[in-house]
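The structure appears right after this line, and notes come after that.
Keep in mind that the numbers below use all heavy atoms, side chains included, and drop hydrogens, waters and symmetry copies.
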Amino acid sequence: MFFSRIRFLIGVVIIAIGVAIHYKEGIGSAWYMYLGGVIILLTHFLFGNVSLAFNKLNKGQVDEAEDLILQIKRPEWLLKRHRAYYYFVLGMIALQKKQKGFGEQHLKEALNLGLKSDTDNALAALNIAHANFVKKNYKVANEYRIKAAEFNSTDLMIKENLEKLEQALRNT
């Protein structure tokens, strides 16, 4: 779980070694250390632990996913796609913990930023629809149900839940 911190420290150490080499030998011998350290630090700030957290979430390891995603201190520095998945993971974790308003807010942000796959987009929209259905906000629930269906996900679980939600909305 300390991958992010280790990656950051490795980047800093490589730059520090570069400074020592630069001091002793000159820039010609140190530039590659600077470059390597900067690249490692850029990956730390632009990608974060989002992919690791998303994979943990997909495996049902919610606590581990939460630990990883909470290590990201500046989500605004993440690349757009990684920032979308950052909010997706946060939103799904919040829904798992029955924090519907918080989860819905993060999932909306993930949809606005744009998730990579139709399945992820549909899952986010479906969860927003469900949260609104529970709050008896049927109009918004139906809007997001339609939005989820428009993503054309091939996931059978999503299709099944869309049908259940449609039935439930018809009965209200």
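No donor-acceptor distance shorter than 3.5 angstrom exists from the side chain of N132 to the backbone of N137, with no hydrogens or angles considered.
With rounding to the nearest 0.5 Å, the separation of NE2 in H82 from CG in N49 is 10.5 Å. Here NZ of K56 is found 4.5 Å from CD of Q61. Values are rounded to the nearest 0.5 Å. How far CG of L70 is from CG of L90: 6.5 Å, rounded to the nearest 0.5 Å. Between the CD1 atom in I72 and the CZ atom in F45 there is a gap of 11.5 Å [rounded to 0.5 Å]. Atoms CG and CG, on L165 and L126 in that order, are 6.5 Å from each other to the nearest 0.5 Å. N171 CG to Y138 OH: the interatomic distance, rounded to the nearest 0.5 Å, is 10.5 Å.
Under a 4.0 Å N-O distance rule, the pair K164/E160 qualifies as a salt bridge.
For H130, there are no ring-ring contact (aromatic ring centres under 6.0 Å, His included) partners, not counting sequence neighbours.
Residues N152 and K159 fail the side-chain proximity criterion, which asks for heavy atoms closer than 4.5 Å. Contact of the L78 side chain with the L46 side chain is not registered, since no non-hydrogen atoms from C-beta on lie closer than 4.5 Å.
Atom NZ of K135 sits in a crowded spot, with more than 12 heavy atoms from other residues, nucleotides or ligands closer than 6.0 Å.
Contact detail for D155 and T119: the closest heavy-atom pair is CB-CG2, 4.0 Å. Across I158 and S153, no two heavy atoms sit closer than the pair CD1-OG, 3.8 Å.
Under the 4.5 Å side-chain heavy-atom criterion for grouping Ile, Leu, Val, Met, Phe, Trp and Tyr, L57 is not connected to M157 through any hydrophobic cluster. The cluster map of Ile, Leu, Val, Met, Phe, Trp and Tyr, joined by side-chain heavy atoms under 4.5 Å apart, puts F102 and L95 in different clusters. No continuous path of ILVMFWY side-chain contacts below 4.5 Å connects V134 to I128, so the two sit in separate hydrophobic clusters. Linking ILVMFWY side-chain heavy atoms closer than 4.5 Å, directly or via other members, places L156 and L162 in two distinct hydrophobic clusters.
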Throw together a table of side-chain donor-acceptor distances under 3.5 angstrom for residues 143-151, partners on residues two or more places apart or in other chains.
{"from": "R145", "atom 1": "NE", "to": "N142", "atom 2": "OD1", "distance (Å)": "3.0"}
{"from": "R145", "atom 1": "NH2", "to": "N142", "atom 2": "OD1", "distance (Å)": "3.0"}

What donor-acceptor contacts under 3.5 angstrom involve side-chain atoms of residues 15-33, with partners at least two apart or in another chain?
{"from": "H22", "atom 1": "ND1", "to": "Y34", "atom 2": "OH", "distance (Å)": "2.8"}
{"from": "W31", "atom 1": "NE1", "to": "G28", "atom 2": "O", "distance (Å)": "3.4"}
{"from": "Y32", "atom 1": "OH", "to": "S29", "atom 2": "O", "distance (Å)": "3.3"}

Could you tabulate the donor-acceptor pairs under 3.5 Å formed by side-chain atoms of residues 106-114, not counting sequence neighbours?
{"from": "K108", "atom 1": "NZ", "to": "E104", "atom 2": "OE2", "distance (Å)": "3.2"}
{"from": "N112", "atom 1": "ND2", "to": "K108", "atom 2": "O", "distance (Å)": "3.3"}

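Listed by first and then second residue, the side chain to side chain donor-acceptor pair (under 3.5 Å) pairs involving residues 84-97 are E66-K97, Y85-D120 (not counting sequence neighbours). The salt bridge (charged side-chain N to carboxylate O under 4.0 Å, His left out) pairs that include a residue from residues 71-92 number zero, where partners must be two or more places apart or lie in different chains.
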